[in-house]
Amino acid sequence: MIVYPCAKINLGLNVVSKRPDGYHNLETVFYPIPLFDVLEIEPSEKMTSLELKGKTLDGNPNENLVIKAYNTVRQKYPIPDVKITLDKRIPSQAGMGGGSSDCAYTITSLNKMFNLKMNNDEMRDIAAGLGADCSFFIDPQPSFATGIGEQLTPLPFSLKGYWIAIVKPPVAVSTRDAFSKIVPKQPKERCDSIVLGNINEWRNRLVNDFEKSVFEIYPSLYDIKKHFYDLGALYSCMSGSGSAMVGIFSNEPPMIRGEYYKMRL
């Protein structure tokens, strides 16, 4: 079975409060975009394995979320060994959810391959135990996310017809460092209500709380955001805690130097 895990962007991100478990309660809008990894899962007569292709990933492959997802499903259901091949195309450490998407698509693929008959709620529960935003990718659609990102409410809006540009600079933003400088607070406006309004108002109303502290450490990210606006973006932001910078345009934007992606939604 071959599937194509998609990326996402965050439209607004508010850090609302600190939780007793050390995590933070968030409010954000997740939006799926047509940038994909390639994930192939096939039965194996040997031990379960993961082969990585494409973009280089740090760390032990056995600690990859794809393997963790397989092991978690296997604890609940007697599935056989498999060979997993993952071709990484979504940039890592970018705030675009590539690893979380691979994790969720592994769960849904195993469910289909072995007829496990899990419904979406059960698969979301498994995904939530593996990563904060993994649940979103079980059925990726525009959603208002709360809690640590696992509580999802679908939103009736679409960016179809708009262009999106993404620059991933050679910067790895530490999530720990990003959170360390955040003072949680209730936002003046919820980002879902802003997103459901006029896109021409997003620039002045839709905020990512991480930008202030991250831009102080990496001013080049702010420069990209400013450049997007200079090019005519309707809205520009950092996705999640970074470091991918996003611009949304009415018309096709020009090419930009560096690791760059553009697509029509």
Run the side-chain contact (heavy atoms from CB on, under 4.5 Å) test on Lys262 and Ile256 for me, step by step, so that the C-alpha distance in whole Å, both residues' side-chain angles and the decisive distance to 0.1 Å come before the verdict.
CA-CA 10 Å; Lys262 70 176 178 180; Ile256 300 174; over 6 Å; no
Does the side-chain contact (heavy atoms from CB on, under 4.5 Å) test come out yes or no for Val15 and Phe210, once each step is laid out?
CA-CA 8 Å; Val15 183; Phe210 286 111; 4.1 Å; yes
side-chain contact (heavy atoms from CB on, under 4.5 Å) between Asp192 and Thr153, intermediate numbers included:
CA-CA 10 Å; Asp192 59 329; Thr153 304; over 6 Å; no
Could you please spell out the steps behind the side-chain contact (heavy atoms from CB on, under 4.5 Å) verdict for Lys185 and Val183?
CA-CA 6 Å; Lys185 63 183 184 301; Val183 178; 5.7 Å; no
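Using a 4.0 Å cut-off between charged side-chain N and carboxylate O, Asp37 and Lys55 make no salt bridge. Classification of Asp102 and Lys68 as a salt-bridged pair fails, no side-chain N sitting under 4.0 Å from a carboxylate O.
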Show which side-chain atoms of residues 218-228 pair as donor or acceptor with protein atoms under 3.5 Å away, not counting sequence neighbours.
unit_1: Lys225; atom_1: NZ; unit_2: Glu211; atom_2: OE1; d: 2.7
unit_1: Lys226; atom_1: NZ; unit_2: Asp230; atom_2: OD2; d: 3.2

Less than 3.5 Å apart, which donor and acceptor atoms pair up between the side chains of residues 4-12 and the rest of the protein, not counting sequence neighbours?
unit_1: Lys8; atom_1: NZ; unit_2: Asn10; atom_2: OD1; d: 2.4
unit_1: Lys8; atom_1: NZ; unit_2: Gly95; atom_2: O; d: 3.0
unit_1: Asn10; atom_1: OD1; unit_2: Gly240; atom_2: N; d: 3.3
unit_1: Asn10; atom_1: ND2; unit_2: Thr28; atom_2: OG1; d: 2.9

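Taken from CG in Asn71 to CD1 in Ile79, the straight-line distance is 8.5 Å, to the nearest 0.5 Å. Taking CD1 from Ile194 and CH2 from Trp202, the interatomic distance works out to 10.0 Å, rounded to the nearest 0.5 Å. In this structure, the separation between CG on Leu110 and CE on Met123 is 10.5 Å, given to the nearest 0.5 Å. Separation of atoms CD1 (Ile84) and OH (Tyr70) is listed at 8.0 Å; rounding is to 0.5 Å. Thr72 OG1 to Ile67 CD1: the interatomic distance, rounded to the nearest 0.5 Å, is 11.0 Å. Here the CZ-CD distance, from Phe30 to Gln141, works out to 13.0 Å after rounding to the nearest 0.5 Å.
For Pro254 against Tyr260, the heavy-atom pair with the smallest separation is O-OH, 2.8 Å. In terms of heavy atoms, Phe249 sits closest to Ala165 at CE1-CB, 3.9 Å. Across every non-hydrogen atom of Pro142 and Pro32, the tightest pair is N-CD, 3.8 Å. Summarising the geometry of Tyr105 relative to Ser109, their closest heavy-atom pair is O-OG, 2.7 Å, with the distance given to 0.1 Å. Taking every heavy atom of both residues into account, Pro154 and Ser143 meet most closely at CA-OG, 3.9 Å. Smallest separation of non-hydrogen atoms from His24 and Pro184: CD2-CG, 3.9 Å.
Residues meeting the salt bridge (Lys or Arg N to Asp or Glu O under 4.0 Å) test with Glu150, sequence neighbours left out: none. Looking at residues two or more places apart in sequence or on another chain, you find no ring pair (Phe, Tyr, Trp, His ring centres under 6.0 Å) involving Trp163. Take Lys212 and apply the salt bridge (Lys or Arg N to Asp or Glu O under 4.0 Å) test, not counting sequence neighbours, and it matches Glu216. Residues satisfying the side-chain contact (heavy atoms from CB on, under 4.5 Å) criterion with Lys83, sequence neighbours excluded, are Glu42, Ser44, Ser49, Glu51, Thr85. Listed by chain and residue number, nothing satisfies the ring pair (Phe, Tyr, Trp, His ring centres under 6.0 Å) test with Phe137 (two or more places apart in sequence, or in another chain). Residues passing the salt bridge (Lys or Arg N to Asp or Glu O under 4.0 Å) test with Glu40: none are found, sequence neighbours excluded. A search for salt bridge (Lys or Arg N to Asp or Glu O under 4.0 Å) contacts involving Arg203 returns nothing, not counting sequence neighbours. Considering only residues two or more places apart in sequence or on other chains, Phe157 meets the ring pair (Phe, Tyr, Trp, His ring centres under 6.0 Å) condition with Tyr31. For Asn115, the side-chain contact (heavy atoms from CB on, under 4.5 Å) test picks out Lys117, with sequence neighbours left out.
Side-chain atoms of Thr48 come within 3.5 Å of backbone N or O of Val82 as a donor-acceptor pair. With hydrogens and angles disregarded, a donor-acceptor distance shorter than 3.5 Å links the side chain of Tyr229 to the backbone of Ser236. No donor-acceptor distance shorter than 3.5 angstrom exists from the side chain of Ser101 to the backbone of Gly97, with no hydrogens or angles considered. Between the Asn14 side chain and the Pro187 main chain, no donor and acceptor come within less than 3.5 Å of each other. When atom types are taken as modelled, the side chain of Tyr77 and the backbone of Met118 share no donor-acceptor pair closer than 3.5 angstrom. At least one donor-acceptor pair under 3.5 Å links the side chain of Arg264 to the backbone N or O of Gly161. In this structure, Lys18 contributes its side chain and Asp21 its backbone to no donor-acceptor pair below 3.5 Å.
Residues Val38 and Leu65 are members of separate hydrophobic clusters, defined by side-chain heavy-atom contacts under 4.5 angstrom among Ile, Leu, Val, Met, Phe, Trp and Tyr. There is no path of hydrophobic side-chain contacts, each under 4.5 Å, that joins Met96 to Leu13. Ile33 and Leu152 are members of different hydrophobic clusters when ILVMFWY side chains are connected at heavy-atom separations under 4.5 Å. Cluster membership for Val16 and Ile182, using ILVMFWY side-chain heavy atoms within less than 4.5 angstrom, is not shared. A chain of hydrophobic side-chain contacts below 4.5 Å, direct or via other Ile, Leu, Val, Met, Phe, Trp or Tyr residues, connects Phe144 to Ile199.
For the pair Met238 and Ser243, the minimum side-chain heavy-atom distance is 4.5 Å or more. Asp139 places a side-chain heavy atom less than 4.5 Å from the side chain of Arg124. Considering only heavy atoms from C-beta on, Pro253 stays 4.5 Å or farther from Leu231 through its side chain. Two residues are said to be in side-chain contact when any heavy atoms from C-beta on lie closer than 4.5 Å; Leu116 and Lys76 fail this criterion. Within the 4.5 Å cutoff, the side chain of Leu206 has heavy atoms near those of the Cys191 side chain. In this structure, Val246 and Tyr235 have side chains that are not in contact, with every pair of non-hydrogen atoms separated by 4.5 Å or more. Pro91 is listed as a side-chain neighbour of Leu35, based on a closest heavy-atom distance under 4.5 Å. Side-chain contact check for Phe114 versus Pro78: every heavy-atom pair is 4.5 Å or farther apart.
Side-chain contacts under 4.5 Å among hydrophobic residues (ILVMFWY), followed directly or transitively, place Tyr23 together with Ile148.
Asn198 and Asn200 form a side-chain donor-acceptor contact under 3.5 Å, judged by distance and modelled atom types alone.
Remark: Met255 CE is packed, more than 12 non-hydrogen atoms of other residues, nucleotides or ligands lying under 6.0 Å away. For CD of Glu252, the number of neighbouring non-hydrogen atoms (other residues, nucleotides, ligands) closer than 6.0 Å is greater than 12.
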